[in-house]
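For reference, the structure discussed in these notes is given below.
Reminder, nothing fancy here: chain letters follow the sequence lines and each chain counts from 1.
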Amino acid sequence: MSSANQPVQGMSDVAAPEVCLWQRLEQLARETMERYGFEELRTPVVEFESVFTRSLGETTDVVQKEMYVFEKGGRRLCLRPEGTAGVMRHAAGRGAQETDGARWYYVGPMFRSERPQAGRKRQFHQVGVECLEPPAPRVDAEILALQVDLLRAWGLGECEVRLNTRGEIAGHAAVAAGLRAALAAREAELCDDCRRRISENVLRVLDCKNAACQAVVATVPPPTVFMSPAAREYLAQTAAHLDALGVKYRIDPRLVRGLDYYEHTVWEIASTALGAQNAVAGGGRYRMQLGGRELVGVGFAIGLERVVGVLQALGRDRDLLPPPPPLVWLVGLGEAALDRNLALMQQLRAAKIACRMAPGGSLKSQMRAANKAGAAWVVLRGEDELTQGVAALKDMASGEQTTLPLDRLVPELTARIASR
RNA sequence: GUGGAUAUAGCUCAACUUGGUAGAGCACCAGAUUGUGGUUCUGGCUGUUGCGGGUUCAAAUCCCGUUAUCCACCCCA
């Protein structure tokens, strides 16, 4: 357990059997998102720092203190802290006619240099989508419906969807000013953090966990009051579409999404099965300037570590694990048999049969290895079998053993695998 | 970035308070009459006590530093 053998802080290896769960989650996600007309887009993990500073906002925590930034060849580069900006950078580079109406999804690692904690890693993994269709409540509702659909496909159980609007980006300053004015008179009642937030990030006062702050917030007008009628109407229409689709949600005027590029519809999905970091997924509509283009879209991201955490907390992770493919174990007695088994394995594999063997050892130890690996059948050959051109085939579950000619082995195993 | 807790065999943990040869269960390995796994029985292996320093005749144990993990804050998926 020396530190040289450990991964970097906040980053971890994923080994079997948990990695099988990850594969299954990704497979279900791809199937679901492709059913909604999304195509995969793979963007680099490394981007120019400016891709994020200009879209997420210079003052956001993610940009200010959580990015892995480094310099290479005089360029300021970074590991991507989220998925949307890189996808938009791709879109900006391809021109409007080609990317308008695009539906992309991504799966991959993101990096934020935060203090690790339950449900939070420095390298974490997200699946997300971005939809560049013209803005409409119908689109936002469809995207949120997809996200809920996906969480259901994973068997996540009850999750709470909180929905809100941030209004148009052009109106953000007016909302902030309105809230500041409303909170100024009550500043003395707020916690230290919130007094700081009033000037730095007013919206964050709304979702402070401090009870005293919540008491103040309850008496302050909700942010929607300071938005345009059109913004309120957009939210109402989106909600109506969600009702029609049977998607359950709760409008929460205090819901805040931190990144600057959000406008109009925003939402967050939480599970009660988790600890403090209970947000499993989030999403929203956004607008950003990149590469001389203005990009408008709607998307979501889901934290895979947290999905795994919920499934484990609910004891549902095993339900998603596919049964392992049946394995054949070859046992050989003596050097000659072991050599011949090495060649036989390649014949089995050519017939799409999964197989392994031990490099040597006693019959007992080879059988033990077969059992430990969970082999369904053992193919055993010693000197007798080699001279007679046969092999012993043992069913590990029942213990039954038969001897058959070598050329019958592949058909017999194929038939047994098919009938499992 | 801030605060609290923790670090002992491959795994889960004991021994620490009150310094005196580091232990259990599981796992692993080998046997139980000739070439057969799982259950059982018998035997065996396993550690620079995270790392570095200090105090002491003597440190897993007390002190300092460091690294990592866990939990929470901040923030976010």
Does [X] reach a base, just sugar-phosphate, or nothing at all? Heavy atoms under 4.0 Å.
| X | answer |
| --- | --- |
| A:Arg257 | sugar-phosphate |
| A:Gln9 | sugar-phosphate |
| A:Ala281 | sugar-phosphate |
| A:Gly10 | sugar-phosphate |
| A:Gln277 | base |

Measure [atom1]/[X] against [atom2]/[N] and give the value in whole Å, please.
| X | N | atom1 | atom2 | value |
| --- | --- | --- | --- | --- |
| A:Asn371 | B:rU39 | CG | C1' | 11 Å |
| A:Glu200 | B:rC75 | CD | P | 10 Å |
| A:Leu255 | B:rA77 | CG | P | 10 Å |
| A:Glu18 | B:rC11 | CD | P | 16 Å |

Selection: residues 123-131 of chain A, any non-hydrogen atom under 4.0 Å of RNA chain B: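 The answer is A:Phe124, A:Gln126.
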Nearest of [options] to any side-chain atom of [X]?
| X | options | value |
| --- | --- | --- |
| A:Met396 | B:rC75, B:rC70, B:rG37 | B:rG37 |
| A:Lys394 | B:rG37, B:rC74, B:rA72 | B:rG37 |
| A:Arg197 | B:rC75, B:rC73, B:rA68 | B:rC75 |

Separation between the P atoms of B:rU6 and B:rG50, rounded to whole Å: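 Approximately 13 Å lies between the P atom of B:rU6 and that of B:rG50.
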Does [X] put a side-chain nitrogen or oxygen below 4.0 Å from OP1 or OP2 of [N]?
| X | N | answer |
| --- | --- | --- |
| A:Lys65 | B:rU2 | no |
| A:Gln117 | B:rA72 | yes |
| A:Lys209 | B:rC73 | yes |

Distance-only donor-acceptor test (3.5 Å): side chain A:Arg115, base B:rC74: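 When only heavy-atom distances are counted, A:Arg115 does not reach the base of B:rC74 through any donor-acceptor pair under 3.5 Å.
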Whether [Y] and [X] form a salt bridge (side-chain N of Lys/Arg under 4.0 Å from carboxylate O of Asp/Glu) is what I want to check.
| X | Y | answer |
| --- | --- | --- |
| A:Glu39 | A:Arg30 | no |
| A:Arg287 | A:Glu263 | yes |
| A:Arg186 | A:Glu189 | yes |

Base-contact (B) and sugar-phosphate-only (S) positions in nucleotides 26-35 of chain B, heavy-atom cut-off under 4.0 Å, - elsewhere: ----S----B
Cation-pi check, A:Arg420 onto A:Trp377 ring (under 6.0 Å, within 45° of axis):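 Output yes; distance and angle both within limits.
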Side-chain H-bond candidate by donor/acceptor type, A:Arg112 with A:Tyr68, under 3.5 Å: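 A:Tyr68 and A:Arg112 do not have a side-chain donor-acceptor pair below 3.5 Å.
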Position toward the 5' end of RNA chain B (nearest nucleotide), A:Ala369 or A:Glu82: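 Mapping each residue to its closest nucleotide by heavy atoms, the 5'-most match is A:Ala369.
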All stems with RNA chain B, defined as three or more consecutive Watson-Crick or G-U pairs under 3.5 Å: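 Only these stems qualify: B:1-7 with B:67-73, B:10-13 with B:23-26, B:28-32 with B:40-44, B:50-54 with B:62-66.
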A:Tyr286 and A:Tyr261 aromatic ring geometry - parallel, tilted or perpendicular at 30°/60° bounds: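 Rings of A:Tyr261 and A:Tyr286: perpendicular, over 60°.
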Side-chain touch A:Val378/A:Asn371, heavy atoms, less than 4.5 angstrom: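 A side-chain contact is absent here, since even the closest heavy-atom pair is not under 4.5 Å.
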